[in-house]
Structure formats: C-alpha cells, structure tokens
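Below you'll find the structure, written out as structure tokens, and then a few comments.
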Amino acid sequence: MKSVRMRVGRPAWVAIFAVAALVGPPTAGAHLRTGVVAVDYRASVASPVGGHAAAAVRIYESDLAIGLTARSGHTVVGLGYLGEPFFRIGAAGVEVNEASPTAAAVGLLKRTRPRGGESPAWRRRSPGHSVVWHDARLQGLPPGVDRGRWTVPIVVDGRRERLAGELWRVHAPAPWPWLAVGLPFVAPTIVVLVLRRMPLLRTGAVAFGVVAAAGTIAIAAAFALDPNASPGRWVEGANELVFALVGLGFALRGRQEARPIAGGALGLLGLSVGSSKLPVLLHGVVLSVLPAAATRLAVVVTISAGAAASVVGLVVFFALLDGTDSPSGGGEMLVVGGARPAAAPLPADRGERTHEQAAGDGHSRPDP
C-alpha cells in the first residue's frame, strides 16, 4: 500500500489545537457550582411583612430559598418547625439560635446537632441584616396537587406575624415539537455526507459551526444574565462566549484549510453546551432572561447544528490527515498550509536523446 505524506502548515495546527481547547471548557466548568437551569415550581409572597414593610422578602426561583432583610430599626425573629426561634435580625446583626433543631436542619448552624437546652442560645452569624435559608414549608407540593399556600411564622417587633404566599407547579411542555426542530439539520447533513465532495463538506462544516456558535453565545448570555445566576454560572458563560468567538474568528477569517476544522470544533462546543441545558425541555420554569420558548429553541438548534458540524468537521479533518482531496478516495498528496512540492521532471521522449546521453555515447563508442 502506497504511503501518503501530508505537510500541515502552522494555521492548520493552530486550528487542530483549537479543537481540544473548544471541547475543554465544559469539563473545567464542571468543578463550578453553576446552579440549575430549569425547575418545576414558582412561588409568590402575599404581602409585605407586618403590613408596613418592616422587612423585605424574596423567594429565589432557582431553589425556592427564602431571603429576608429586616429594615433598619426593626427586629425580626424566625420561628422554626417546632415553634422555636431559630434566627433573629436586629441591631446586633443576624443571630442564630444554637439550641434550635430548625437552624441545624436548614444549614444556618455548622454543626448538624443543635446545642441542648430549651432557652435560646444566640450566636452572632453576621453583622448584616439579611438571612437566606431553605425552608421545608416551601419546598414542593404533594403528587397530584398543582397549587397550594405556604406559611412561615415570624415575630416582628414583638408581634406575631407570618410570611405567606402561593406555590404552584409548572408543567413542562411536550418535548416532541422541540425535537422536531432538529430535523431540518438532518437532511442537509446526510446530503453533504453522501455526495462526499470536499468543497461542499468544507462549506457545510463552516456553516453548521457558525450556527452552533451563534446558539452557544445566545445560551451563554441568556443563563449568565438571569437574576438567579450564580457567580459560577457567570464564569461558565464567559468561558463559552470567549471560546465561541475565538472559533468564529478561525471559521470566518482563517486560512482555507483551518476553517472547516474550526467549524467542527465549534460544533463540538455547541453540542456540549447545548446538551448541558437539556433540563429546559424537561421542566416547566426556565431560568433565563429570554422567554422560555426562545430559550428552548436556542438549545435545540445549538445541539442540532453542533452535531451536524461535528460530524462533517470530523470527516474533513480525517480527510486532511489522509492527505486526500476528497474523503471518497484517491491517493493524491494534499499539501496543507505550505508550498507545493516541485513537479517531477518529465521523462525524455523515446525518439529523442538528451545532450548528456549524446555526450555519453560519444565516450562509450570509438570513432570508426
């Protein structure tokens, strides 16, 4: 079998290394707590605490945590599952009752077991006036129940009050319409692979990669800019944005041999980022600044275009490694990013002799 050599220029090698770089960020981001992207419940607060806004209350949509901030000059005490005080916000800041089982259960105490005793044992937690905790009275509804009320008793300036509101379940839409959105990407991919023409394959890898990159940027911004986004999600979104823009630079402005490889790398990035957001198709509430329908559409398009770009880009990549002009065969050497080899000298015509041959004949035969 005839061996085939390939010379790869610097731009192509940079694009090859970009493949590993573009696929890498989601793995590194796995160590960050980026939070959830979709949930099943929404909750509301009925009225200001105490009727005169002695405290501000917020329900975090991502995990239904309760955030309470006491106004200046007011004292707010939270009552736990057994009716015992478990936190207090006042002039001294936020204090936690070390004898409260509720304080230990909701994570306000570092120890898992509260200190014994019936009287409160207050310990200062922070000098601020805000506390956030996950209360079991606001963590879900029984099966078959789609709407209900929640209450948490508190004491405001010595008066017994309560936090109250509604909790309702939001059902996820049927997944089939969203899956059908990906079908238009299947037919072009099959056509490109069946025809197996290198110019068409290169164009397809770049086109699919650009669509996947646009979807990646939209997804990264939509989830990072959501009010419920954590710092980890900001970092993840920034990484996705940077690598998508770098890949777009190679795909649109790079050397000809580097563009389809960058398109395939963008496809791998989009496939990875989009797949990590699949919960938006399985839950009713999407934690994104975009409308839920637009976010789901962006995720499905990014996954579909990413898969198409990855497949077509890999075909082009292996064709370049084989040194062929088209993946369907041919042993012709492909020179990528460098000077073409000098053409081999044509053999002399059989009816003609070169000057060197004539001179040799003169030395090899004596004169008659």
Side-chain angles (χ1 to χ4, degrees), residues 2-25 181-218 240 242-275 300-341 343:
K2 184 179 177 180
S3 61
V4 179
R5 297 177 56 192
M6 180 182 70
R7 297 177 59 190
V8 180
R10 180 178 298 176
W13 281 118
V14 173
I16 292 172
F17 284 117
V19 175
L22 288 171
V23 178
V181 173
L183 294 179
F185 291 90
V186 176
T189 304
I190 294 176
V191 171
V192 168
L193 295 176
V194 170
L195 294 178
R196 300 180 73 82
R197 295 177 182 174
M198 182 58 71
L200 188 59
L201 286 168
R202 288 175 174 172
T203 302
V206 173
F208 289 137
V210 169
V211 175
T216 299
I217 294 173
E240 295 165 354
V242 168
F243 282 100
L245 292 176
V246 171
L248 278 175
F250 277 104
L252 299 178
R253 303 296 298 272
R255 296 285 296 272
Q256 182 179 1
E257 67 271 15
R259 292 179 182 179
I261 299 176
L266 286 171
L268 291 174
L269 176 65
L271 185 60
S272 177
V273 172
S275 298
V300 174
V301 169
T302 302
I303 294 175
S304 304
S310 301
V311 173
V312 179
L314 286 175
V315 171
V316 176
F317 177 72
F318 286 118
L320 291 176
L321 290 181
D322 291 339
T324 56
D325 281 332
S326 66
S328 57
E332 183 178 354
M333 180 171 64
L334 175 66
V335 180
V336 181
R340 294 186 176 275

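What you see is a predicted model, and the numbers here were worked out from it, not measured in a lab.
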Legend entry - Minimum heavy-atom distance between S304 and G182, given as atom pair plus value: OG-CA, 3.1 Å
Inset, instruction - Provide the closest heavy-atom pair for A244 versus L266 in the form atom of the first, atom of the second, distance. - result: O-CD2, 3.7 Å
Inset, instruction - Considering non-hydrogen atoms only, spot the tightest contact between V211 and A305 and give its length. - result: CG1-CB, 3.6 Å
Legend entry - Closest non-hydrogen atom pair, A309 against A205: CB-O, 4.1 Å
Legend entry - Contact summary for R259 and G254, nearest pair of heavy atoms: NE-O, 2.8 Å
Inset, instruction - Carefully, step by step, assess I217 and L245 under the rule side chain to side chain contact (heavy atoms under 4.5 Å, CB included). - result: CA-CA 8 Å; I217 294 173; L245 292 176; 3.9 Å; yes
Inset, instruction - Kindly write out the residues that satisfy side-chain contact (heavy atoms from CB on, under 4.5 Å) with L314, not counting sequence neighbours, or none if the list is empty. - result: F318
Legend entry - Minimum heavy-atom distance between F185 and A308, given as atom pair plus value: O-CB, 4.5 Å
Inset, instruction - Report the distance from atom OG1 of T203 to atom CZ of F208, rounding to the nearest 0.5 Å. - result: 11.0 Å
Inset, instruction - Give a yes or no answer on whether the side chain of T302 reaches the backbone of G270 with a donor-acceptor pair at less than 3.5 Å. - result: no
Inset, instruction - Report the distance from atom CG of L320 to atom CE of M198, rounding to the nearest 0.5 Å. - result: 6.0 Å
Inset, instruction - Look only at the side chain of S310 and the backbone of G306, and say whether a donor-acceptor pair between them is shorter than 3.5 Å. - result: yes
Inset, instruction - Determine whether L193 and V315 make a side-chain contact, defined as any pair of heavy atoms from C-beta on separated by less than 4.5 Å. - result: yes
Inset, instruction - Using side-chain contact (heavy atoms from CB on, under 4.5 Å) as the criterion, list what pairs up with V192, not counting sequence neighbours. - result: L200, L201, V312
